[in-house]
Amino acid sequence: MRRVTKFQTGSVFPDGETLYERAMPRPAKPALERIARTLCSRKGLPENTQFEGKPMWQSFLADAQAVLGAIREPTEEMIAAGSGITREEFDAFDDALRRKIADEARDEATRTWEAMIDAALLVKLG
């Protein structure tokens, strides 16, 4: 029989976080921060180590902004996923009204994606 160890709420994990802190829901970090932290980690660098007076991950913010800028224009697959209408389906519409409605849905999906990326780029960190 497996024995389950019961943690106390004051138990501390190796990173210093308590069980209570780990269990509490946290708001999502801004996209720029998450991308910068990921880039930092992928380089094998500790995210929160101080570098030039700031956490190391902040030295990757320009790269994170470049990543978001690079994906600002949605691909065809992204537009289809956002609108529910593939390019092939759109091209197959022979009715002008259906084609106009589909075009508006695809345009709205594009505008929504671009607005979300723009919002992520405008977030002030720190």
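Atom set for the values below is all heavy atoms of this structure, side chains included, hydrogens, waters and symmetry mates excluded.
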Mind checking what makes side chain to side chain contact (heavy atoms under 4.5 Å, CB included) contact with [X], not counting sequence neighbours?
{"X": "Ala105", "value": "Ser83, Ile85"}
{"X": "Ile101", "value": "Leu97"}
{"X": "Ala64", "value": "Leu32, Ile35, Ala36"}

Output all residues satisfying side-chain hydrogen bond (donor to acceptor under 3.5 Å, both in side chains) with [X], sequence neighbours left out; order by chain, then residue number.
{"X": "Thr75", "answer": "Glu77"}
{"X": "Thr110", "answer": "none"}
{"X": "Asp118", "answer": "Arg72"}
{"X": "Glu73", "answer": "none"}

Does anything in residues 97-106 form a side chain to side chain donor-acceptor pair (under 3.5 Å)? List the pairs, not counting sequence neighbours.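 Pairs touching residues 97-106 that pass the test: Glu76-Arg106, Lys100-Glu104.
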Specify the closest pair of heavy atoms between Ala120 and Leu68, including all atoms of both residues, with the distance to one decimal.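 Closest heavy-atom pair between Ala120 and Leu68: CB-CD1, 3.8 Å.
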Locate the shortest heavy-atom distance separating Gly82 from Ala109; write the atom from each residue and the value.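 Of all heavy-atom pairs spanning Gly82 and Ala109, the closest is C-CB, 3.7 Å.
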Using modelled atom types and a 3.5 Å cut-off, is there a donor and acceptor pairing between side-chain atoms of Trp57 and backbone atoms of Ser41?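 Answer holds: no.
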Can you check whether Pro55's main-chain N or O pairs, donor with acceptor, with Gln58's side chain at less than 3.5 Å?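 A pair under 3.5 Å: no.
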I'd like to check the salt bridge (Lys or Arg N to Asp or Glu O under 4.0 Å) partners of Glu108; sequence neighbours left out, ordered by chain and number.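 Testing Glu108 for salt bridge (Lys or Arg N to Asp or Glu O under 4.0 Å), a comparison that skips the adjacent residues, returns Arg111.
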Scan for salt bridge (charged side-chain N to carboxylate O under 4.0 Å, His left out) pairs involving residues 30-43, sequence neighbours excluded, and state none if there are none.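 Sorted pair list: Glu33-Arg37, Arg37-Glu47.
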Any salt bridge (charged side-chain N to carboxylate O under 4.0 Å, His left out) involving residues 50-65? Give me the pairs, sequence neighbours left out, ordered by first then second residue.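 Every pair satisfying salt bridge (charged side-chain N to carboxylate O under 4.0 Å, His left out) with a residue in residues 50-65: there are none.
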Are Phe93 and Ile79 grouped together when hydrophobic residues (ILVMFWY) are joined by side-chain heavy atoms under 4.5 angstrom apart?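 Not linked; separate clusters.
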